[in-house]
Asks: 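Input: one structure, supplied below.
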Amino acid sequence: MMKFRMFELVALLALMPALAAAEGTQVPLGDFFKDPEFTSVSLSPTGEYITVSVPQGDRTVLAAFRVDGMQLVGKWDYGEKRHIDRVEWVNDERFFMYVSRKVGRFDARVGNPDVYASNVDGSKRMDVPNGGTYFIVDKTWDDPANILVVRSVDSAFLSKLNVNTGRVTTVASAPLRMGTFILDHEGEVRYAVGQDEEGVRVTLRRKGEGWDVLGRAKLGDAIRTPLGFDAENKRVIFSKSDKGEPARLVLADPAGGEETLLSRNPNVDPIGYLASSDERHLLAIAYMDGTPGYDFINPDHPESKTYAGLINAFPQHAVRFDGISRDGRLVLFRTYSDVDPGAYYLFDRKTSRAQFLLASRDWIKPEQMSPMQPITVTARDGRKLHGYLTVPAHTDGRDLPLILHPHGGPHGPRDEWGFNPDVQFLASRGYAVLQINFRGSGGYGDEFEGTGYRNWGTTMIDDMTDAVNWVVGQGVADKNRICTYGASYGGYAALQSVVREPDLYRCAVGYVGLYNMSLWMKDSDVAESEWGRNYQRDVFPDSESGRAAQSPAFNVDRIKAAVMLVHGAKDPRVPISQYDFLLDRLQKAGKPPEVTIVEEKEGHGFYDYDNQVELYTALEAFLGKHIGNPRAATGAP
């Protein structure tokens, strides 16, 4: 049940005359938080079928269609809180489904997924034993009954898995944890990469039946990781970083010698690769440097020309390629932008025609959304920070109320350019929204990520403060109307920001946030695994006093801003104990939160649509009270 503290929701709404004046012209709140029509689409190797993952309340089901006529041929549903995250085709007619249990909107999957196999028509269904511990390395198309998979336990094992029976036969092993293998185009095992028992990244090179150590690297050390082989199967493509800077791709002889630079972006790591349909040629490398784009390293390949042509055909959109048929004829791709949730198409290279398949949120009108502009900010110590500023459409972009919206994670994830329901909702209500990729964020090289370790509540928060001050300095934001709102680590950052900068913010919203580091080291599901405990030790201060100094709950005496807290009682990632502890500290300090919302059946972020609508209605009212919104965007041109 939702619980509102201090004043009723009706009273909150009464505090927003500007919203009432704009009512009827604004995009309805609920439109931003409806489930999308789909979350993922895959193309069969022949191009004859697609599968579509479809959210349906507390679950995600899968549907398979024959592309010709979009005829439904199969449907799969594995029950409450079970989500078919993705599909891997293992031959022309059969695929694996990865089914995860999730207990919150911001939660990653809980444990390893269950894996089920099925033919596209729904026949020959099978539970793949230990399937969630396998990573597919090679489809071995000339042997449709088998694929090559990796399983990592105390050692990494490369195995042949029969996709019809689930039978597994070991092919090779390596003394690595969380490892995988790199094969050449003839199927020969050439390298293994992974971690040792101390978490150090290790690269091994095959030597007879054993291994040579090619390299060892801690976070930020020089690292050279093999990715695959060139088309002639002679030289190796390596990802390389010398001092933790963003990785570059080079081509080198396996025995050493001169390297040829293939691709490099000075700001960001690669986020993906485009290979040819025969899987022999690397065509392009994808980057997210402000906006997404590709560096074509093989521009003369016919498939590169197709990809480049499709990118040019959708101006002001990003194009993501999600599959190509094995004969190279059909290309599955998605277009999207900051104001457009996106749509899927199937392009026929023989006829040069693109077939529309389906749209993600066709009720969203791009002309009513607000553009998301990449920004670069110089932090107080000279470090360049990258992020995004969304200014409400149909305003002059001056002296606006501002929301600092830090991302979760914090290590690994980053804010990216694209349609974001939270951001667009806030912008539709007249708020400028700032997203900054503070130190510790992923995607900018190991060194940038590593500088956030042990600095959750210091350097990382200072980066956010510097970004806020930059926006104020640009004249976009009114310095007297600033609030911060985030979820998970973002919820932590919201509360820690008003601790560290008590005079900068008028209000803070912590959504499923972490507020006591030492407590989180004991009762979070992260602490249940060795990997999770190592992570906590790496990223938090060593001492109890150091963790307390960076925990908002132990520093509530510094808070001047109004506080709103939101949590799910069944959250395993950031348990309700975090909310309870902070609530108790605030109350004892005589600073009880103005609004609290606890949903008994929700987890790490609310799934239920009605719960989300109630939450964001309360959020809208809370923000409206404290930083005002006299020029709310109407959504009208």
Side-chain angles (χ1 to χ4, degrees), residues 42-51 62 64 73-74 76 86-98 113-153 155-174 179-194 206 208-209 226-234 236-237 273-282 303 322-330 332:
S42 73
L43 179 70
S44 71
T46 63
E48 185 179 359
Y49 303 101
I50 62 168
T51 64
L62 185 76
V73 296
W76 297 260
R86 61 188 177 92
V87 160
E88 285 271 4
W89 290 86
V90 293
N91 60 37
D92 290 348
E93 296 286 332
R94 192 163 178 79
F95 54 77
F96 283 4
M97 293 167 282
Y98 293 77
D114 295 322
V115 180
Y116 302 93
S118 176
N119 284 0
V120 69
D121 61 0
S123 64
K124 299 182 180 179
R125 299 190 184 196
M126 179 185 71
D127 182 347
V128 180
N130 301 310
T133 64
Y134 296 136
F135 173 77
I136 297 176
V137 175
D138 193 352
K139 304 291 180 62
T140 61
W141 296 114
D142 57 343
D143 179 11
N146 293 288
I147 57 174
L148 290 177
V149 299
V150 170
R151 185 185 183 196
S152 289
V153 281
S155 292
F157 293 90
L158 179 68
S159 303
K160 182 179 290 188
L161 170 64
N162 187 294
V163 301
N164 299 311
T165 66
R167 185 172 180 270
V168 173
T169 305
T170 299
V171 175
S173 65
T180 190
F181 296 81
I182 289 84
L183 283 63
D184 64 19
H185 295 305
E186 304 304 320
E188 294 296 321
V189 178
R190 303 290 293 274
Y191 296 93
V193 296
R206 190 70 162 171
E209 295 300 312
L227 301 177
F229 284 76
D230 68 356
E232 288 73 34
N233 212 33
K234 295 180 179 178
V236 184
I237 301 167
Y273 307 95
L274 274 180
S276 58
S277 56
D278 64 5
E279 301 178 346
R280 295 189 72 94
H281 301 264
L282 180 61
E303 290 172 11
D322 283 352
I324 185 169
S325 59
R326 287 177 56 213
D327 63 6
R329 175 173 175 174
L330 299 174
L332 177 70

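Remember, it's a predicted structure, so these values are computed and weren't measured experimentally.
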Asks: Do you know which two heavy atoms are closest between Arg206 and Ala172, and how far apart they sit?
Replies: NH2-CB, 4.2 Å
Asks: Do Phe95 and Thr51 have side chains that approach each other closer than 4.5 Å (heavy atoms only, starting at C-beta)?
Replies: yes
Asks: Side chains of Lys160 and Val168: does their closest heavy-atom pair fall under 4.5 Å?
Replies: no
Asks: Taking the side chain from Glu93 and the backbone from Val120, do they hold a donor-acceptor pair closer than 3.5 Å?
Replies: no
Asks: Between Ser44 and Glu48, which heavy-atom pair has the shortest distance, and what is it?
Replies: OG-N, 3.2 Å
Asks: Between Arg280 and Phe229, does the side-chain contact (heavy atoms from CB on, under 4.5 Å) criterion hold? Intermediate values first, please.
Replies: CA-CA 8 Å; Arg280 295 189 72 94; Phe229 284 76; over 6 Å; no
Asks: Within this structure, what is the CG-OG distance for the pair Asp327 and Ser277, rounded to the nearest 0.5 Å?
Replies: 7.0 Å
Asks: What distance do Asn130 atom CG and Ser159 atom OG have between them, rounded to the nearest 0.5 Å?
Replies: 10.5 Å
Asks: So how far is it from Thr180 OG1 to Leu158 CG, rounded to the nearest 0.5 Å?
Replies: 8.0 Å
Asks: Please check if the side chain of Ser325 supplies one atom and the backbone of Gly47 the other of a donor-acceptor pair under 3.5 Å.
Replies: no
Asks: Would you check if Pro226 and Val193 make a side-chain contact, meaning some heavy-atom pair closer than 4.5 Å?
Replies: yes
Asks: Taking the side chain as everything from C-beta on, heavy atoms only, tell me whether Leu183 gets closer than 4.5 Å to Leu148.
Replies: yes
Asks: Backbone N or O of Gly122 within a donor-acceptor pair of the Asn119 side chain at under 3.5 Å?
Replies: no
Asks: Working to the nearest 0.5 Å, report the span between CG of Asn146 and NZ of Lys139.
Replies: 14.0 Å
Asks: Taking C-beta and beyond as the side chain, do Glu88 and Tyr98 meet within less than 4.5 Å on heavy atoms?
Replies: yes
Asks: Between Glu188 and Arg190, is the closest basic N to carboxylate O distance under 4.0 Å?
Replies: no
Asks: Please answer whether the main-chain N or O of Glu232 pairs with a side-chain N or O of His185 as donor and acceptor at a distance below 3.5 Å.
Replies: no
Asks: Within this structure, what is the CD-CD1 distance for the pair Glu303 and Ile324, rounded to the nearest 0.5 Å?
Replies: 4.0 Å
Asks: Kindly indicate whether the side chain of Asp184, heavy atoms from C-beta on, has any atom under 4.5 Å from the side chain of Tyr191.
Replies: no
Asks: Is there a donor-acceptor contact under 3.5 Å from the side chain of Arg86 to the main chain of Phe96?
Replies: no
Asks: With side-chain contact (heavy atoms from CB on, under 4.5 Å) as the test, would you mind laying out the steps for Asp114 and Asp127 before giving the verdict?
Replies: CA-CA 8 Å; Asp114 295 322; Asp127 182 347; 5.7 Å; no
Asks: Roughly how far, to the nearest 0.5 Å, is CG of Leu227 from CD1 of Ile182?
Replies: 7.5 Å
Asks: Only counting residues at least two apart or in another chain, list the ones meeting ring pair (Phe, Tyr, Trp, His ring centres under 6.0 Å) with Tyr49.
Replies: none
Asks: Report yes if the side chains of Val171 and Phe181 come closer than 4.5 Å at any heavy-atom pair, otherwise no.
Replies: no
Asks: State whether Arg326 and Glu279 are salt-bridged, where the test is any N-O pair (Lys NZ or Arg NE/NH1/NH2 against Asp/Glu carboxylate O) under 4.0 Å.
Replies: no
Asks: Is the closest side-chain donor-acceptor distance between Thr140 and Asp138 under 3.5 Å?
Replies: no
Asks: Take atom CZ in Arg167; do more than 12 heavy atoms of anything else shown fall under 6.0 Å from it?
Replies: no
Asks: Looking at every heavy atom in both Pro144 and Asn91, which two are closest together, and how far apart are they?
Replies: O-ND2, 3.1 Å
Asks: Of all heavy-atom pairs between Val150 and Gly179, which one has the smallest distance, and what is that distance?
Replies: CG1-O, 3.1 Å
Asks: Would you call Ile147 and Asn162 a side-chain contact if the rule is heavy atoms closer than 4.5 Å?
Replies: no
Asks: Test Asp230 against His281 for side-chain contact (heavy atoms from CB on, under 4.5 Å), laying out the working first.
Replies: CA-CA 6 Å; Asp230 68 356; His281 301 264; over 6 Å; no
Asks: Which ring pair (Phe, Tyr, Trp, His ring centres under 6.0 Å) pairs, counting each pair once, include a residue from residues 126-149, with sequence neighbours left out?
Replies: none
Asks: Would you sort out whether Met97 and Ser118 count as a side-chain contact (heavy atoms from CB on, under 4.5 Å), showing the intermediate values?
Replies: CA-CA 8 Å; Met97 293 167 282; Ser118 176; 3.9 Å; yes
